Amino acid sequence: MEFDFFLAIAIFALVYALLIWDKINRAVVALLGASALIVLGVINQEAAIEGVDFNTIGLLIGMMIIVFISQKTGMFQYIAIKGAKISKGDPWRILVSLSIVTAVLSALLDNVTTVLLTVPITLLITEELEVSPYPFLVSQILMSNIGGTATLIGDPPNIMIGSATGLTFMDFVFGVGPVVPLVAVGTLIPLKLMYGKSFRVSDERKKRIMEFRESEALTDRPLMIKCLAVLGLVIGGFMLQRQLHLEPATIALFGAAILLFISKEDLHGVMEKVEWTSIFFFVGLFIVVHGLIEVGFIRLMADMMLEATGGRLITTGFVILWGSAIASSIVDNIPFVATMIPLIKGMAPSFGGDAAVLPLWWSLSLGACLGGNGTIIGASANVVVAGIAHRNGHEIKFFKFMLIAYPLMLFSIAIATVYMYIRYLG
Amino acid sequence: MTAASIMTKEVLTIPDSGTMLDAFRLLKEKKVRQIPVLDGQNRVMGVITPRALMKAILPKYISDGLVADVKFAPELPDFVSNIDSLARKKVSDLMERDFVAVGPETSTMEVAALLVNPEKHADSVVVMDDGNRLLGIISPWDVFRRLWEYSEKKKKE
């Protein structure tokens, strides 16, 4: 038992170190760690499978299928272009509208898909305007993570938290949703002060933006109608989750199955676009963390944390909020949240049960999602935007980005702190 | 039938020290699918293809396929003038180093298979010796022409 205890911790530490090192694919790292736990006899295969949260896995796969088919219709690009045109070609207002579009889409789609769809439009628009895309891209990175915080399906930490606790889509909308617009405004105002004056654009260039024909972006209207119907059904299902007594994974996979049926899309083509590497990363990670639970390490950490915070909810809440923000700015927030979930669950009885620790879940969600904004490697969407920018001759450098993003991230956590204090912890 | 027997021996080539302007001048005179790029020792270093040039004048977010269909957008102000900056670039910076090449003894069937391989998307196949020196080039039409000639000859015999 003693030996298993240290073996589980060693494997977990090694997996974490390799994830930070970031030279081996994260799915391979997680699967190696998970299978090592089983091969070395720390846990058996049955226990390992028990550790996998299939609700998270099902929700991710279901949404990936729906979003992949939907994005083929061009409707998300349509929204981005429409937003830019409402701004009448004024660069600052375009930045704001593209940021809002990014935030709203991120709340409903995953963040990486959102930036993959909107960033090319941003580059196209800034080239037409002949302005630097840098401020636009910085704003969109920040907004993708901020918007993703607002809903259960917006960001993987929320998916994992919702799945582990039974908190619903609407719980998230009411629990963390209200602070999201405040954080968005609190991010855009400093950006306006920094970049607002740098945009000088002639009327002729503004006119070019108005020449965009957004309706031409809609490449398949019949398919779009089907996708909108299914998206409406799925999001409606999420909203009525409690009344329907259905888990989010069921709703998402049901929606995906309906869309596959009515769209008659090539199944192999769609399945190839499901990000299996992410899925296997989640599976491996759940098992590695489950190893820690089985050997009693998480229990130990929960007790230590309770002792350190004196068992006070407010202290624990703020420690989780700030701790997960700082951790998530450096490491992937997915393994961090996967580890924190059993830890908070372990602390729940001391605070008086599951209902009492609700503020801790919101602290974890806000910290882990918003914390990703601190550095260019803080979240997957950041890395993807930096990659696209690099390919197109615009460098987003680590320290230059951090100089702007880290203070903004800390400011957003400060806003979240005030919000948490007023609503839950005061 | 071998590659050597169906290849075209007079090949339009360009030195790797040349500029794209030289390549454009060559393209003006003759219609070719791709131009092998040779170093001082006649070794093939790469090929210049119209597809690679097209990619070079498009923004990467379009040529990478992030927005494959841009019919909703007005033309970029810089797009037409991109050709001027392209002309100043060195051939060695724009050539595709990953081209399809075979030896002179390669069978016609293998050449044909390479030309239809969707992963290689080859416009033609370069024939070179062991030392990477250029011997000839085979276009898809070369394959057909020679096969047809062969079959006609056979019938007469």
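Numbered from 1 within each chain, the chains take letters A, B, ... in sequence-line order. Just so it is clear, the model here is predicted, and its values are computed rather than measured.
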message: Sub-4.5 Å heavy-atom contacts with chain A: which residues of residues 43-60 of chain B show up?
response: B:Pro59, B:Lys60
message: For the CG atom on A:Asp266, are there more than 12 heavy atoms of other groups (residues, nucleotides or ligands in this structure) within a distance under 6.0 Å?
response: yes
message: Non-hydrogen contacts under 4.5 angstrom with chain B: give the residues of residues 71-87 of chain A involved, or none if there are none.
response: A:Gln77, A:Ile81
- line: Applying a strict 4.5 Å limit to non-hydrogen atoms, the region of A:Ser215 in contact with chain B is neither
- prompt: Counting heavy atoms not belonging to B:Phe144, are there more than 12 under 6.0 Å from its CZ?
  reply: no
task: Pull out the residues in residues 106-134 of chain A that come under 4.5 Å of chain B, heavy atom to heavy atom, sorted by number.
output: A:Leu116, A:Pro120, A:Ile121, A:Leu123, A:Leu124, A:Glu127, A:Glu128, A:Glu130
query: Given the options B:Val67, B:Asp69, B:Leu76, which has more heavy-atom pairs under 4.5 Å with chain A than any of the others?
result: B:Leu76
message: Counting neighbours of CG on B:Asp130 that are heavy atoms of other residues, nucleotides or ligands and sit closer than 6.0 Å, is the number greater than 12?
response: no
field: Residue-level interface, residues 376-401 of chain A with chain B, non-hydrogen cut-off under 4.5 Å
entry: A:Ile388, A:Arg391, A:Asn392
field: Residues, nucleotides or ligands: over 12 heavy atoms within 6.0 Å of B:Lys9 NZ
entry: no
